[in-house]
Colleague: 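Pasting a structure here, questions to come.
Order of appearance sets the numbers: ligands from 1, and atoms from 1 within every ligand.
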Amino acid sequence: MQTNSVLLVDIGNTRIKYRLLNDDADNVTTVDDLSALITYIEAAPLTHLYIANVGKPAVEEALAQLCNEQQIIFCAVKTQSDAFGITNSYQNPQKMGVDRWLAILGAAKLTDKPFAVIDAGTAVTVDFVANGQHLGGWIAPGFHTMKKALLSNTTRVFENETVPEQLMAASDTEECVAMGCLAALQGVFWSAKRRLNNQFKENVIIFTGGDKKLLTSACDGDSLSAANLVIDGLARYAEKASFG
Ligand SMILES: Nc1ncnc2c1ncn2[C@@H]1O[C@H](COP(=O)(O)OP(=O)(O)OP(=O)(O)O)[C@@H](O)[C@H]1O
Ligand SMILES: CC(C)(CO)[C@@H](O)C(=O)NCCC(=O)O
Ligand SMILES: [K+]
């Protein structure tokens, strides 16, 4: 299989991301809806499509049908209990979002140290891994999701488009909301860092997701960042299938 004919697709709860297997890992395209992805697939000379879907099953079904029509081999990756030297802690791995599983696999390629992978998107997920063992994780609301929840449960609280670069105390409603949600997001980072530091002398935090920039002002020298670890995890499955 030619790596420029293999498309890797991450279907989240809000948006869709994709790149070709032989593209640079940073070269990820983000689209808001399925129609944009379909247009791309129809024009590209693809042989294989790997997807990770945590969104609606209907999206996956539509893509499977399109691939069938276009004679593209369709591979929907699912969370496993054991693969690539990583053992999942979930008793029922099917319940774990495949984006978390793939982010773990993508992150594991970047370090041999115990790590926490933080994916900051619609939800913020944290997963802890040491010596090939997943130690469990957390699911929290993402930055945008927190703001939406706050606004829908209050009358006099408003937001704006501010994406703060640094955590500060604010003196205006919209700024207070942005800073408060940033503080909550950074709290997830600090809690993960403290947990790792308590257990492992050497460790690393690895960030990914659309909101990873919100975390970079909190992080230190022991942090790594990757454009889309979910897609990097998909790449491992695609590479294994083609190169064994
Ligand atoms: N149109 C948009 N809708 C939602 N979030 C957006 C939008 N544009 C930018 N964002 C930013 O992207 C963040 C989400 O990050 P990311 O792109 O990883 O996730 P997503 O595609 O929304 O989520 P997921 O992959 O978890 O479904 C939001 O918190 C927000 O700050
Ligand atoms: C937590 C999200 C929404 C993050 O995208 C996704 O991984 C998901 O739907 N997970 C299912 C629940 C779980 O992972 O335990
Ligand atoms: K996510």
Side-chain angles (χ1 to χ4, degrees), residues 8-19 25-37 51-60 76-81 86 88-107 116-129 134-152 159-165 167 174-175 177-186 188-189 192 206-217 225-234:
L8 311 169
V9 182
D10 165 18
I11 299 169
N13 274 297
T14 313
R15 295 187 292 179
I16 298 174
K17 329 261 162 54
Y18 62 86
R19 72 166 165 90
D26 290 345
N27 193 7
V28 174
T29 302
T30 301
V31 292
D32 286 331
D33 56 50
L34 188 60
S35 63
L37 176 62
I51 76 155
N53 178 31
V54 297
K56 294 186 182 70
V59 172
E60 191 170 327
V77 174
K78 304 293 171 196
T79 303
Q80 294 188 283
S81 58
I86 306 280
N88 198 325
S89 75
Y90 265 44
Q91 279 200 340
N92 180 0
Q94 294 300 306
K95 284 188 76 179
M96 176 193 272
V98 68
D99 55 347
R100 291 174 60 194
W101 174 242
L102 292 169
I104 290 167
L105 296 181
V117 54
I118 305 185
D119 187 346
T122 308
V124 179
T125 58
V126 182
D127 282 285
F128 299 95
V129 177
H134 176 239
L135 304 171
W138 300 330
I139 302 171
F143 183 71
H144 198 67
T145 306
M146 273 191 268
K147 290 208 289 182
K148 286 275 161 291
L150 186 56
L151 263 65
S152 69
E159 66 167 335
N160 60 19
E161 296 296 303
T162 303
V163 179
E165 276 176 20
L167 187 60
E174 288 83 350
E175 297 284 318
V177 167
M179 290 298 170
C181 294
L182 178 62
L185 193 61
Q186 293 192 352
V188 173
F189 165 82
I206 305 175
F207 299 105
T208 195
D211 282 333
K212 65 176 178 300
K213 280 208 187 78
L214 289 172
L215 290 165
T216 46
S217 64
S225 158
N228 190 314
L229 288 171
V230 179
I231 289 185
D232 298 344
L234 275 178

Colleague: Contact between ligand 1 and Lys17 is defined here as a heavy atom of the residue under 4.0 Å from a ligand atom; is it met?
Modeller: yes
Colleague: Going by heavy-atom distance to atom 7 (O) of ligand 2, choose the closest among Asp99, Thr14, Val98.
Modeller: Asp99
Colleague: For Gly209, take its heavy atoms, then give the atoms of ligand 1 lying under 4.0 Å from any of them.
Modeller: 18 (O)
Colleague: Just to be sure I'm reading this right: ignoring hydrogens, which of Met96, Gln94, Lys95, Arg100 gets closest to atom 12 (C) of ligand 2? Compare them by their nearest heavy atoms.
Modeller: Lys95
Colleague: List for me each residue that meets ring pair (Phe, Tyr, Trp, His ring centres under 6.0 Å) alongside Tyr18, sequence neighbours excluded, and say none if there are none.
Modeller: Tyr40
Colleague: Of all the atoms in ligand 1, which lie at a distance below 4.0 Å from a heavy atom belonging to Asn13?
Modeller: 24 (P), 27 (O)
Colleague: Counting each atom of ligand 1 from 1 as listed, which ones have a heavy atom of Gly210 under 4.0 Å away?
Modeller: 15 (O), 16 (P), 17 (O), 18 (O)
Colleague: Could you tell me how the ring of His134 sits relative to the ring of Tyr90: parallel (under 30°), tilted (30 to 60°) or perpendicular (over 60°)?
Modeller: tilted
Colleague: When only distance counts, is Asp211 in polar contact with ligand 1, meaning an N/O pair under 3.5 Å?
Modeller: yes
Colleague: Measure the distances from the heavy atoms of Ala120 to every atom of ligand 1 and state whether one is below 4.0 angstrom.
Modeller: yes
Colleague: Which option, Lys148, Met146, Glu161, Arg15, owns the non-hydrogen atom nearest atom 7 (C) of ligand 1?
Modeller: Arg15
Colleague: Heavy atoms only: which of Asp10, Val54, Asn53 is nearest to atom 9 (O) of ligand 2?
Modeller: Val54
Colleague: Of the backbone atoms (N, CA, C, O) and the side-chain heavy atoms from C-beta on, which set of Asp119 has a member under 4.0 Å from an atom of ligand 2: side chain, backbone, both, or neither?
Modeller: neither
Colleague: Using heavy atoms and a threshold below 4.0 Å, how should the contact between Thr125 and ligand 2 be classified: side chain, backbone, both, or neither?
Modeller: side chain
